[in-house]
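Side-chain atoms are counted along with the backbone in the values below, which use heavy atoms only and exclude waters and symmetry mates.
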Amino acid sequence: MSAQLVQEFMTSIWRHAQEPPEGSLTHAPDIHRTIAQSDHAEHVRELYGFIEKLDTLGPTQQRLFAAAVDEVQIRSKLWLIDQLSSRHDIGSATLVVLGAWYGILPLLFNWRLAQPPARMVCIDVSADACELGQRVIGQLYPNIEYQVADVMDLNYASLARDTSSVLINTICEHLPEADTWWSRVPLGQLTVLQSNNYDRCPDHVNCVKDLDEMKAQIPLSEMLYEGVLRLPIFDRFMLIGYR
């Protein structure tokens with residue numbers, strides 16, 4: 001599924017949640033037009049299956065879910081997928097996604113890649129987020145599962161016993177003790193890390209001003225990728241490499 005189709009589809013869902021029109025997402029003309037851009041029957045089936053799940057939610061839950069699919073969120077995740085998949089064979093990998101929220105990143109891996117990861121574990125401290133993600137996404141994709149846990153308390157040594165595992169942390173800016181967290185990750189663990197410089201959000205307690213500051217805070221023994229995604233009101237930073 002093309003990145004453009006994914007971005008336009010999610011933008012349509014986000015827009016509907018801001019000003020809910022009469023009727024369901026399944027019958028929204030603009031969403032129909034977006035899905036019609038695909039001539040791949042399986043993609044069409046997946047997209048309609050997804051909005052049918054969203055239509056089972058009430059307006060409040062739909063708005064909560066839509067917060068995870070705004071333009072910035074989706075662009076950041078598509079960037080991650082493109083950069084990781086071009087540098088590492090993840091078709092047989094286990095992805096452990098920290099701060100996964102509703103599991104949008106694993107969902108997009110399934111949509112974007114012909115051979116998505118065999119197993120993706122969504123870790124989040126919010127039981128409500130995991131329950132909602134399982135209800136909308138987990139029921140559609142058996143390679144996505146949810147676990148309620150605090151990322152500061154996980155047994156990372158146990159996770160690393162799966163030699164195919166890739167540890168993804170896109171919430172570095174939320175961790176007040178990022179160095180303590182990083183010290184718990186085993187040496188040699190393949191990791192994907194994202195942070196940003198958006199310090200106007202109260203929950204962003206560990207922003208960095210640039211890539212150099214991020215690399216100093218979370219040093220890698222081997223760097224596969226480092227880059228910056230320029231977004232409308234802030235910059236997203238990403239590192240891919242080995243602890």
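Between Asp212 and Lys215, at least one side-chain nitrogen of the basic residue sits less than 4.0 Å from a carboxylate oxygen of the acidic one, meeting the salt-bridge criterion.
In the hydrophobic clustering of ILVMFWY residues, with side-chain heavy atoms under 4.5 Å counting as a link, Phe237 and Leu84 come out apart. Leu113 and Ile74 fall within a single hydrophobic cluster, where Ile, Leu, Val, Met, Phe, Trp and Tyr are joined by side-chain heavy atoms under 4.5 Å apart, directly or via other members. Ile90 and Val96 fall into different hydrophobic clusters, defined by Ile, Leu, Val, Met, Phe, Trp and Tyr side-chain heavy atoms under 4.5 Å apart, directly or through other members. Hydrophobic clustering (side-chain heavy atoms under 4.5 Å, transitive across Ile, Leu, Val, Met, Phe, Trp, Tyr) keeps Tyr146 apart from Leu159.
Contact record, Ser195 with Val208: OG-CG2, 3.8 Å, taken as the closest heavy-atom pair. Of all heavy-atom pairs between Met1 and Val6, the closest is SD-CG2, 3.7 Å.
Between Arg230 and Val228 there is a side-chain heavy-atom pair separated by less than 4.5 Å. In this structure, Met238 and Leu193 have side chains that are not in contact, with every pair of non-hydrogen atoms separated by 4.5 Å or more. Taking the side chain as every heavy atom from C-beta outward, Cys207 and Asn196 approach each other to under 4.5 Å. The closest side-chain heavy-atom distance from Val148 to Ile123 is not below 4.5 Å. With a 4.5 Å cut-off on side-chain heavy atoms, Asp70 and Thr11 do not count as touching. Proximity of Leu105 to Ile168: side-chain heavy atoms (C-beta onward) are separated by under 4.5 Å at one or more points. Between Arg243 and Ile218 there is no side-chain heavy-atom pair separated by less than 4.5 Å. With contacts defined as side-chain heavy-atom distances shorter than 4.5 Å, the pair Leu95/Phe109 qualifies.
Scanning for side-chain contact (heavy atoms from CB on, under 4.5 Å) contacts around Glu131 gives Arg135, with sequence neighbours left out. Judged as a side-chain contact (heavy atoms from CB on, under 4.5 Å), and not counting sequence neighbours, the contacts of Pro176 are Val205.
At a cut-off of 3.5 Å, with distance as the only test, a side-chain donor of Glu8 or Gln4 sits close to an acceptor on the other residue. No hydrogens or angles considered: a donor-acceptor pair under 3.5 Å links the side chains of Ser164 and Asp162. Side chains of Asn143 and Asn110: a donor on one and an acceptor on the other come within 3.5 Å. In this model, no donor atom of one side chain and acceptor atom of the other lie less than 3.5 Å apart for Asp124 and Gln147. Judged purely by distance below 3.5 Å, without hydrogens or angles, the side chains of Asp30 and His16 pair a donor atom with an acceptor atom.
The number of heavy atoms from other shown groups lying within 6.0 Å of CD (Gln115) does not exceed 12. Within a 6.0 Å radius of CH2 in Trp101, more than 12 heavy atoms belonging to other residues, nucleotides or ligands are found. Within 6.0 Å of CG on Asp150 lie more than 12 heavy atoms contributed by other residues, nucleotides or ligands.
A salt bridge (Lys or Arg N to Asp or Glu O under 4.0 Å) check over residues 181-195, counting only residues at least two apart or in different chains, returns nothing.
Remark: the backbone N or O of Leu224 is not paired with any side-chain donor or acceptor of Tyr242 at under 3.5 angstrom. Remark: side-chain polar atoms of Asp55 are paired, donor with acceptor, to backbone N or O of Leu25 under 3.5 angstrom. Looking at Gln189, its side chain never comes within 3.5 Å of a backbone N or O of Val185 through a donor-acceptor pair.
At least one cation-pi condition fails for Arg236 and Trp79: the charged atom is not both under 6.0 angstrom from the six-membered ring centre and inside a 45 degree cone around its axis.
Note: Phe9 and Trp111 have perpendicular aromatic rings, judged against thresholds of 30 and 60 degrees for the angle between ring planes. Ring geometry, Phe50 versus Phe65: the interplanar angle falls from 30° to 60°, so the pair is classed tilted.
A centroid separation of less than 6.0 Å is found between the aromatic rings of His32 and Tyr48.
Screening His174, Gln217, Glu173 for a side chain to side chain donor-acceptor pair (under 3.5 Å) involving Asn206 leaves a single residue, Gln217.
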